[in-house]
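Working notes for the structure below.
In each ligand, atom 1 is the first atom listed, and ligand 1 is the first ligand listed.
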Amino acid sequence: MSRTLGQWEYAGRYIHAVFGDEDVHLRELTREAATRGLPDIAVSAEVGRLLALLVGLGGATKALEVGTLGGYSAMWIARALAPGGQLITIEHDDRHAAFAEEHLARAGLGERVDVRRGAALDVLPVIAEELGPASLDFVFIDADKTEYPRYFELVRPLLRVGSVFVADNALGTGSFWIDEEHHPSRTAIDRLNRTIAADRDFSATLVPLREGLLIARRSGAGRSVAEG
Ligand code: SAH
Ligand code: MG
C-alpha cells in the first residue's frame with residue numbers, strides 16, 4: 001500500500017509528538033546550540049531514542065561516532081552504554097567539539113565521552129590502530145556524506161560479530177535525494193546503502209525515520225576481521 005506525502009508528513013509529526021520527548025540536558029544543549037549559531041542538523045529526539053535503544057539492546061560498552069556537532073546524538077548514545085562504557089566521537093570543527101565537551105560534562109558524561117578533534121579520514125586509522133580488530137559494539141556515522149563509503153571501509157574491521165552500525169541521512173539530507181540524482185552525497189550514501197545490503201556479514205535495513213537511518217548488525221566474522 002502506498003502512502004501519500006501528506007501521510008508521511010503526518011506520521012513524522014505524530015512520531016515526534018509521542019516519542020520526541022527529551023530531558024533538560026538535551027533541551028538545553030539544543031537551545032544553546034541555536035543561540036551560539038551551530039548548524040541545526042542534529043538528529044531528532046526520536047532518532048536519538050532509537051540510537052539509545054540499539055545501544056541498550058546490544059548491551060554495548062564501546063561505541064564510536066563520526067560527526068559530533070554539539071554532542072546531541074553523543075548524549076543519547078553515551079547514556080545508553082552499559083556501566084563502564086565509552087564513546088569516542090570524532091569532530092573536525094574545534095568550535096563544535098568544544099561545545100560538545102562542555103555540554104556532555106554538564107550532563108555528567110565527561111568521563112564517558114572522548115571527543116577527538118580532526119578529520120574523520122585521518123582520525124579513524126589512528127583509532128583502528130589503538131583499538132584493534134573487532135573492538136567496537138556500536139558505530140554511528142553522521143559526518144561528511146561523500147565519505148560514507150570510506151568510513152565504513154575503515155570501521156568494518158573494528159566491528160565485532162553482533163555489533164551494530166548505523167548511518168544517519170541514509171535517505172539524504174535536504175532536497176538533493178530527490179532533485180539531484182547525481183549529487184556526490186547521494187551517490188556516496190547510495191553506495192554505502194547498497195554495499196551493506198550486499199555484504200553477507202551484515203544484516204541490514206533502512207528505517208525511514210526523519211532523514212533515514214541505515215541500521216546494520218554484523219552477523220558474520222568476515223574476511224577483513226580474519227585478515228586483521
Ligand atoms: N551527530 C550529530 C550531528 C553531526 S552534523 C548529532 O546528531 O547531534 C555533522 C558534523 O560532522 C559537523 O559537526 C561537522 O563539522 C562534522 N564533520 C563534517 N565532516 C567531517 C570530517 N570529514 N571529519 C570530522 N568531522 C566532520
Ligand atoms: Mg545527520
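The two residues A80 and A52 have their closest heavy-atom pair at CB-O, 3.4 Å. Looking at every heavy atom in both residues, R210 comes nearest to D168 through NH1-OD2, 3.3 Å. When every heavy atom of I88 is checked against every heavy atom of R116, the shortest pair comes out as CG2-CG, 3.6 Å. Here the closest heavy-atom approach between residue I189 and residue Y148 is recorded as CG1-CD2, 4.1 Å.
At least one N, O or S atom of D142, from either the backbone or the side chain, sits less than 2.8 Å from the Mg ion (ligand 2). The Mg ion (ligand 2) lies under 2.8 Å from an N, O or S atom belonging to N169.
Near Y72, meaning under 4.0 Å from one of its heavy atoms, ligand 1 places the atoms 8 (O). Applying the 4.0 Å criterion to heavy atoms of G118 picks out, from ligand 1, the atoms 23 (N), 24 (C). Atoms of ligand 1 lying under 4.0 Å from at least one heavy atom of H96, given by number and element, are 12 (C), 13 (O), 15 (O). Close contacts of ligand 1 with E65, meaning ligand atoms under 4.0 Å from a residue heavy atom, involve 1 (N). Heavy-atom contacts of V43 reach the following atoms of ligand 1: 6 (C), 7 (O) (cutoff under 4.0 Å). Close approach of ligand 1 to L69 is summarised as follows: ligand atoms under 4.0 Å from at least one heavy atom of the residue are 2 (C), 3 (C), 4 (C), 5 (S), 13 (O). For ligand 1, the atoms lying closer than 4.0 Å to a non-hydrogen atom of D144 are 18 (C), 19 (N). Using a 4.0 Å cut-off to heavy atoms of A119, the atoms of ligand 1 that qualify are 23 (N).
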**Prompt:** Does the pair E22 and Y72 meet the rule for a side chain to side chain donor-acceptor pair (under 3.5 Å), with working shown?
**Reply:** CA-CA 11 Å; E22 33 179 39; Y72 185 83; 2.4 Å; yes
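Contact annotation for T68 and ligand 1: only backbone heavy atoms (N, CA, C, O) come within less than 4.0 Å of the ligand. Residue contacts with ligand 1, taken as heavy atom pairs separated by less than 4.0 Å, do not involve F99 at all.
The shortest N or O to N or O distance between A120 and ligand 1 is under 3.5 Å. Annotation: I41 places no N or O atom under 3.5 Å from an N or O atom of ligand 1; distance criterion only.
Here F202 and F165 keep their ring centres 6.0 angstrom or further from each other. In summary, the aromatic rings of F19 and Y14 are positioned with their centroids too far apart to meet the 6.0 Å limit.
For the 3.5 Å distance criterion, the side chains of D137 and S163 fail to qualify, holding no donor opposite an acceptor.
By heavy-atom distance, the residue among H92, R116, K145 lying nearest atom 20 (C) of ligand 1 is H92. The closest non-hydrogen atom to atom 14 (C) of ligand 1, taken over E91, E147, R117, comes from E91. Among G67, G48, S73, A33, the residue whose heavy atom lies closest to atom 11 (O) of ligand 1 is G67.
Within 6.0 Å of atom CD in E129, 12 or fewer heavy atoms from other residues, nucleotides or ligands are found, so the atom counts as exposed in its surroundings. Heavy atoms from other residues, nucleotides or ligands lying under 6.0 Å from CD of Q7 number more than 12.
Of all protein heavy atoms, the one closest to atom 3 (C) of ligand 1 is D142 OD2, 3.2 Å.
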